[in-house]
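Single-structure report; data block below.
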Amino acid sequence: QVQLVESGGGLVQAGGSLRLSCAASGITFSINTMGWYRQAPGKQRELVASISSTGRINYAASVKGRFTISRDNGKNTVTMQMNSLKPEDTAVYYCNVRGTYDPQYNYWGQGTQVTVSS
């Protein structure tokens with residue numbers, strides 16, 4: 001079955017950097033989009049950044065210019081470099097892979113905590 005393993009979360013001061021990585025296994029549908037979502041306590045999960053298998057990228061407006069997403073199609077990994085972190089970036093970050101044109105193909109990682117102190 002599909003499994004997504006995340007790493008790189010932690011505690012940093014405002015202005016610092018973290019890099020999140022996600023390694024996916026069991027992916028058989030090649031036309032897919034990988035990305036990162038985040039969820040703070042009491043709030044709904046929101047898209048942070050995504051990148052398709054053809055290289056199409058989307059960012060949330062709140063992270064443009066600070067976060068950079070990339071992927072290795074051969075290894076089915078996705079990485080997000082997060083710079084100039086702010087306390088409002090504090091959340092659990094979840095890796096996601098979905099079929100770009102198939103809403104029934106949708107998988108999630110277990111989540112990794114990112115905490116930014118002021």
Side-chain angles (χ1 to χ4, degrees):
Q1 257 297 328
V2 174
Q3 290 206 337
L4 286 70
V5 179
E6 300 138 320
S7 62
L11 172 65
V12 296
Q13 294 189 53
S17 298
L18 286 172
R19 185 167 65 182
L20 303 183
S21 295
C22 174
S25 61
I27 302 296
T28 60
F29 191 63
S30 60
I31 306 174
N32 61 71
T33 298
M34 301 185 74
W36 292 93
Y37 291 70
R38 66 187 181 188
Q39 187 168 24
K43 297 189 177 294
Q44 295 204 28
R45 194 169 298 184
E46 65 174 352
L47 175 70
V48 180
S50 66
I51 180 168
S52 75
S53 50
T54 58
R56 186 181 70 253
I57 294 175
N58 286 298
Y59 291 105
S62 59
V63 307
K64 284 182 179 178
R66 300 188 297 122
F67 293 8
T68 303
I69 191 168
S70 61
R71 67 182 286 166
D72 185 325
N73 287 344
K75 297 180 179 179
N76 277 325
T77 60
V78 61
T79 300
M80 186 166 68
Q81 178 69 39
M82 305 187 294
N83 297 329
S84 302
L85 284 162
K86 305 174 180 179
E88 50 262 47
D89 295 317
T90 296
V92 177
Y93 284 69
Y94 296 91
C95 182
N96 170 263
V97 59
R98 61 174 175 84
T100 300
Y101 304 108
D102 189 352
Q104 296 177 298
Y105 183 86
N106 195 27
Y107 303 94
W108 296 92
Q110 80 286 351
T112 184
Q113 177 71 46
V114 170
T115 303
V116 184
S117 62
S118 59

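The basis for the numbers below is simple: all heavy atoms, side chains too, and nothing from hydrogens, waters or symmetry mates.
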Here the gap from Gln1 atom CD to Ser25 atom OG, rounded to the nearest 0.5 Å, amounts to 9.5 Å
Where Met34 and Ala24 come nearest, the two heavy atoms and their spacing: CE-CB, 3.9 Å
To check you understand the geometry: which heavy-atom pair defines the closest contact between Val48 and Tyr37, and what is its length? CG2-C, 3.9 Å
Atom of Ala91, atom of Ala40 and distance for their closest heavy-atom approach: CB-N, 3.9 Å
Using side-chain contact (heavy atoms from CB on, under 4.5 Å) as the criterion, point out the one residue from Val116, Val12, Val114 that pairs with Met82. Val114
Say whether, by atom type as modelled, one donor and one acceptor occur between the side chain of Glu6 and the main chain of Gly111 under 3.5 angstrom. yes
Measure from the side-chain N and O atoms of Asn106 to the backbone N and O of Pro103, and report whether any donor-acceptor pair falls under 3.5 Å. no
Under 4.5 Å between side-chain heavy atoms, hopping through other hydrophobics if needed: is there a path connecting Leu11 to Phe67? no
Would a 4.5 Å heavy-atom cut-off, applied to side chains only, mark Arg66 and Asp89 as touching? yes
Qualifying salt bridge (Lys or Arg N to Asp or Glu O under 4.0 Å) pairs, either residue in residues 44-61, two or more places apart: Arg38-Glu46
According to a 4.5 Å side-chain heavy-atom criterion applied to Ile, Leu, Val, Met, Phe, Trp and Tyr, with indirect links allowed, do Ile57 and Tyr101 form part of one hydrophobic cluster? yes
Value rounded to 0.5 Å, distance of CD1 in Ile69 from CD in Gln81: 12.0 Å
For the residue pair Asp72 and Gly74, what are the closest heavy atoms and their distance? OD1-N, 3.0 Å
Summary of disulfide (SG to SG under 2.5 Å) pairs that have at least one residue in residues 2-42, sequence neighbours excluded: Cys22-Cys95
Quick one: does Gln110's side chain get under 4.5 Å of Leu4's, heavy atoms only? no
Using a 3.5 Å distance criterion without hydrogens, assess whether the side chain of Asn32 forms a donor-acceptor pair with backbone atoms of Ser52. no
Ignoring hydrogens and geometry, is there a side-chain-to-backbone donor-acceptor pair from Asn73 to Ser53 under 3.5 Å? yes
Would Tyr107 end up clustered with Phe29 when hydrophobic side chains under 4.5 Å apart are linked, directly or stepwise? yes
Would the number of heavy atoms belonging to other residues, nucleotides or ligands and lying under 6.0 Å from CD1 of Ile31 be above 12? no
Separation between CD (Glu88) and OG (Ser62), nearest 0.5 Å, reads 8.5 Å
Ala14 versus Ser118, closest heavy-atom pair with distance: CB-CA, 4.4 Å
With no hydrogens and no angle check, is any side-chain donor or acceptor of Thr115 less than 3.5 Å from a backbone partner on Thr90? no
For Met80, which of Leu20, Val63, Ile51 qualifies under side-chain contact (heavy atoms from CB on, under 4.5 Å)? Leu20
Return yes if a side-chain donor-acceptor contact under 3.5 Å exists between Thr79 and Ser70, otherwise no. no
Test your reading of the model: is there a side-chain donor-acceptor pair from Tyr94 to the backbone of Gln39, 3.5 Å cut-off? no
Among Asn76, Thr33, Thr77, the one residue meeting side-chain contact (heavy atoms from CB on, under 4.5 Å) with Arg71: Asn76
Gln3 CD: over 12 foreign heavy atoms closer than 6.0 Å: no
Close side-chain approach of Thr68 and Tyr59, heavy atoms under 4.5 Å: yes
In terms of hydrophobic clusters joined by side-chain contacts under 4.5 Å, are Val5 and Val78 together? no
Find out whether Trp108 and Val2 are in side-chain contact, i.e. whether some heavy atom of one side chain is under 4.5 Å from a heavy atom of the other. no
